[in-house]
Participant: 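Handing you this structure, nothing more for now.
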Amino acid sequence: MIRTRFAPSPTGLLHVGNVRTGLFAWLFARNLGGSYLIRIEDTDQERSERQFEDQIYEDLRWLGLDWDEGPDIGGAFEPYRQSERREIYRTHAEHLIEKGHAYWCFCSEQELDQAAEAARQSGEFWKYPGTCRDLSKSDIQKRFAANDPAVVRLRVRSGVIRFRDIVHGDMEFASDVISDPILLRSDGWPTYNYAVVVDDAMMKITHVIRGDDHLSNTPKQVLIYEALDMPLPEFAHLSTILGPDHTRLSKRHGATAVSQFREAGYLPEAMMNYISLLGWSPVSEGSEILPGDELIRQFRLDRVNKSPAVFDTHKLNFINRHYLKTSPAAGELVSRELQRSDWMPQAEGDSWMAMVMDTVVPTVDKVSEIPDRLTQMLEFSLEDSSDIQDTLGDSGAIEMLRQFLAELDSRDQLTTAQFREIAGKLKESSKRKGKQLFHPVRAALTMKSSGPELDKLIPLIETAAKYDLHHVARCRDRVRDFLVRYG
RNA sequence: GUCCCGUUCGUCUAGCCCGGUCCAGGACACGGCCCUUUCAAGGCUGUAACACGGGUUCAAAUCCCGUACGGGACGCCA
């Protein structure tokens, strides 16, 4: 039975690099019909906050992930928050001491720091010298009696440490470069390297999937597995995600938190699809648009790339544009955005939505751009005529527009069908067609030389005007005002 | 300083383990063409990469050695 986990620290918003790890572990488990669980690594009491933990669940759910065990839903290996597992870490540490795999260390943090600093200054390699490795029982008693602060350290064995990494291959480290790691701090809290191993072992995690910044920590952890007499899991260390300047992705690069992408109007399907393509590639060539179930079906951990990946907003946008046009969830999202920005008529919401989905949504990268795009399409300002100079200098065009206005005056709300009929008449009387015909009409209607097809734009204008959305003016008024000013 | 990891089109990558089918394939971006009243979309198409240097071999992106550059670990952070 495959078991993977995602183990974030609740010290901030969930990051793109982090979710990628969580996503890959999820895809892997689901592909093989295994279990996926969430564990919260909150042993850093200073920086951990409950609010971040809740945000993490929300972000993961939004993305479309689900889990079989976790702090919020429980499971067979509770508790799933490290802060609630202190007893467990302590008990295991005591066993390790009994078996001689670990020992109490009373060396002061300050002294050790100084020694390490001195070594670094002189450019020398430094590791913990093992001062407390062989303290006698009575020495230890004395120190405890004196209330000296103590940590528990692992006794690093000699010899080569080997483990398998699914993405990097076989790994080999010499143990003599490894300092005896601290398992329990003097305040009784476990260190990261110790807590992960105890938890992963006890929770029967079969595949440890995480960022490759942990690759160099793994030999230490392997030693802890050995001391605990627990079987080694398979490891998979994923590369880092970089910004466009090839440095680690961070706030400097703009949006990096999952919640920021959600707020910007990206669809979860698009996010999942794009992120899965960062360091992994499907076997099939051609389109890389793959919905969640297809990602699960195709995902293979051994096809994960070792080298760092640069986050590319262009490609994310491309994928998001696709889902905006095809996802059933897009309509709901667009509708909410229209309501939020007062671009939704009280009545006729359905036909208005259909128009928006058909003519404005295909022109944006993300939902949040829709209000601006609508403004841009529907605004009408007589002031700036720079875009339509050719129409202004064309008396034939102006003459035609007068006829156009006459036709409009006899009609209440202009429909697409009526517009086509009028266009047919104008074509006949003015002997104009194509660009000659439509360009001046567009100019009088929008003061611009480009935009959506008039067939689609006109009902958009008329509907918006009917409900006075953002003070959009109706077609008749536009043409009249245009002729008053430029005719 | 020591140890570890990484390096294929601008970007994400396939190929590398099991050398020839790769004068390197796909996707995004970019350019061109088509469609079209215009823009976008869509269809077609083009430009573009094996970090460098040695070796092994009839043959190397693929195997070996070295160099350079980038990243990580060496914490009572995770």
Participant: Which whole-number value in Å describes the distance from A:Arg20 CZ to B:C12 C1'?
Facilitator: 11 Å
Participant: Taking the side chain as every heavy atom from C-beta outward, state whether A:Glu407 and A:Phe419 have any pair of such atoms under 4.5 Å apart.
Facilitator: no
Participant: Can you tell me the base-pairing partner of B:C17? Count Watson-Crick or G-U wobble geometry only, both distances below 3.5 Å, and say none if there is no partner.
Facilitator: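 Paired with no nucleotide.
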Participant: Walk me through whether A:Tyr274 and A:Phe318 qualify under ring-ring contact (aromatic ring centres under 6.0 Å, His included).
Facilitator: CA-CA 9 Å; A:Tyr274 176 66; A:Phe318 166 79; over 10 Å; no
Participant: Just call it for A:Val310: base, sugar-phosphate, or nothing, with non-hydrogen atoms closer than 4.0 Å on any strand.
Facilitator: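 Sugar-phosphate contact only.
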Participant: Quick check on B:C30: is either OP1 or OP2 less than 4.0 Å from any side-chain nitrogen or oxygen of A:His314?
Facilitator: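 No, outside the criterion.
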Participant: Just by distance, no angles: are the side chains of A:Gln121 and A:Glu117 close enough, under 3.5 Å, to form a donor-acceptor pair?
Facilitator: yes
Participant: Between the base of B:A41 and the side chain of A:Lys325, is there any donor-acceptor pair under 3.5 Å?
Facilitator: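 Check fails, no donor-acceptor contact within cut-off.
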Participant: Can you tell me the distance, in whole Å, between the NE2 atom of A:His246 and the P atom of B:G6?
Facilitator: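 Spelled out: NE2 on A:His246 to P on B:G6 is 18 Å.
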Participant: To the nearest angstrom, how far is A:Phe311 atom CZ from B:C12 atom C1'?
Facilitator: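 In whole Å, B:C12 C1' lies 12 Å from A:Phe311 CZ.
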Participant: Identify whether NZ of Lys or CZ of Arg in A:Arg478 sits under 6.0 Å from the centre of the six-membered ring of A:Phe482 and within 45° of that ring's axis.
Facilitator: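 The answer is no, since A:Arg478 fails at least one limit relative to A:Phe482.
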Participant: Please check if any side-chain donor atom of A:Tyr266 sits under 3.5 Å from a side-chain acceptor atom of A:Asn317, or the reverse.
Facilitator: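 Per modelled atom types, A:Tyr266 and A:Asn317 side chains form a pair under 3.5 Å.
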Participant: Is A:Arg248 touching bases, backbone alone, or none of the nucleic acid, heavy atoms closer than 4.0 Å?
Facilitator: sugar-phosphate
Participant: Has the side chain of A:Ser216 got a donor or acceptor atom sitting under 3.5 Å from an opposite partner on the base of B:C3?
Facilitator: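 Check fails, no donor-acceptor contact within cut-off.
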Participant: Taking the six-membered ring for Trp, are A:Phe261 and A:Phe311 parallel (under 30°), tilted (30 to 60°) or perpendicular (over 60°)?
Facilitator: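 Ring orientation of A:Phe261 relative to A:Phe311: tilted.
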Participant: With a 4.0 Å cut-off on heavy atoms, is A:Glu46 in touch with a base, just the backbone sugar-phosphate, or nothing at all?
Facilitator: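 No contact.
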Participant: Contact class for A:Gly451 (heavy atom, under 4.0 Å): base, sugar-phosphate, or nothing?
Facilitator: base
Participant: Taking 4.0 Å as the cut-off, does a side-chain nitrogen or oxygen of A:His168 come that near to OP1 or OP2 on B:G6?
Facilitator: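 Checking B:G6 against A:His168, a side-chain N or O does come within under 4.0 Å of OP1 or OP2.
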Participant: With a 4.0 Å cut-off on heavy atoms, is A:Pro308 in touch with a base, just the backbone sugar-phosphate, or nothing at all?
Facilitator: sugar-phosphate
Participant: Within the structure shown, what part of the strands sits under 4.0 Å from A:Ile182 by heavy-atom distance: base, sugar-phosphate, or nothing?
Facilitator: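 A:Ile182: base contact, heavy atoms under 4.0 Å.
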Participant: Does the side chain of A:Asp44 come under 3.5 Å of the side chain of A:Tyr192 through a donor N or O and an acceptor N or O?
Facilitator: no
Participant: In the strands shown, is B:A73 matched to any nucleotide by a Watson-Crick or G-U wobble pair with both distances under 3.5 Å, and which?
Facilitator: B:U2
Participant: Is there a donor N/O on one and an acceptor N/O on the other, under 3.5 Å, for the side chain of A:Glu288 and the base of B:G26?
Facilitator: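 Side chain to base: pair present.
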Participant: Can you check the A:Ile275 CD1 to B:A27 P distance for me, whole Å?
Facilitator: 22 Å
Participant: Could you give the CD-to-P distance, from A:Gln298 to B:A14, as a whole number of Å?
Facilitator: 14 Å
Participant: Round to a whole Å and report the spacing from NE2 of A:His237 to P of B:C4.
Facilitator: 16 Å
Participant: Any strand counts, and the cut-off is 3.5 Å on both contacts for Watson-Crick or G-U wobble. Which nucleotide pairs with B:A68?
Facilitator: B:U7
Participant: Base, sugar-phosphate alone, or nothing: which one does A:Thr43 contact when heavy atoms must sit under 4.0 Å apart?
Facilitator: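 If one applies the 4.0 Å heavy-atom cut-off, A:Thr43 turns out to touch the sugar-phosphate alone, with no base involved.
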Participant: Once you round it to whole Å, what is the distance between P of B:G71 and NE2 of A:His214?
Facilitator: 19 Å
Participant: Paired with B:G46: which nucleotide, if any, by Watson-Crick or G-U wobble criteria at under 3.5 Å for both distances?
Facilitator: B:C30
Participant: Students often get this wrong, so: under 4.0 angstrom with heavy atoms, is A:Ser9 touching a base, only sugar-phosphate, or nothing?
Facilitator: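 Result for A:Ser9 = sugar-phosphate.
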Participant: Indicate whether OP1 or OP2 belonging to B:G75 is found under 4.0 Å from a side-chain N or O atom of A:Arg153.
Facilitator: no
Participant: Reckon A:Asn217 touches a base, only the sugar-phosphate, or nothing at all at heavy-atom distances under 4.0 Å?
Facilitator: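 Contact class for A:Asn217: base.
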Participant: Is A:Gly279 touching bases, backbone alone, or none of the nucleic acid, heavy atoms closer than 4.0 Å?
Facilitator: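 It contacts sugar-phosphate atoms only.
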Participant: Rounded to whole Å, please give me the gap between CG in A:Leu249 and C1' in B:G70.
Facilitator: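 Result: 17 Å.
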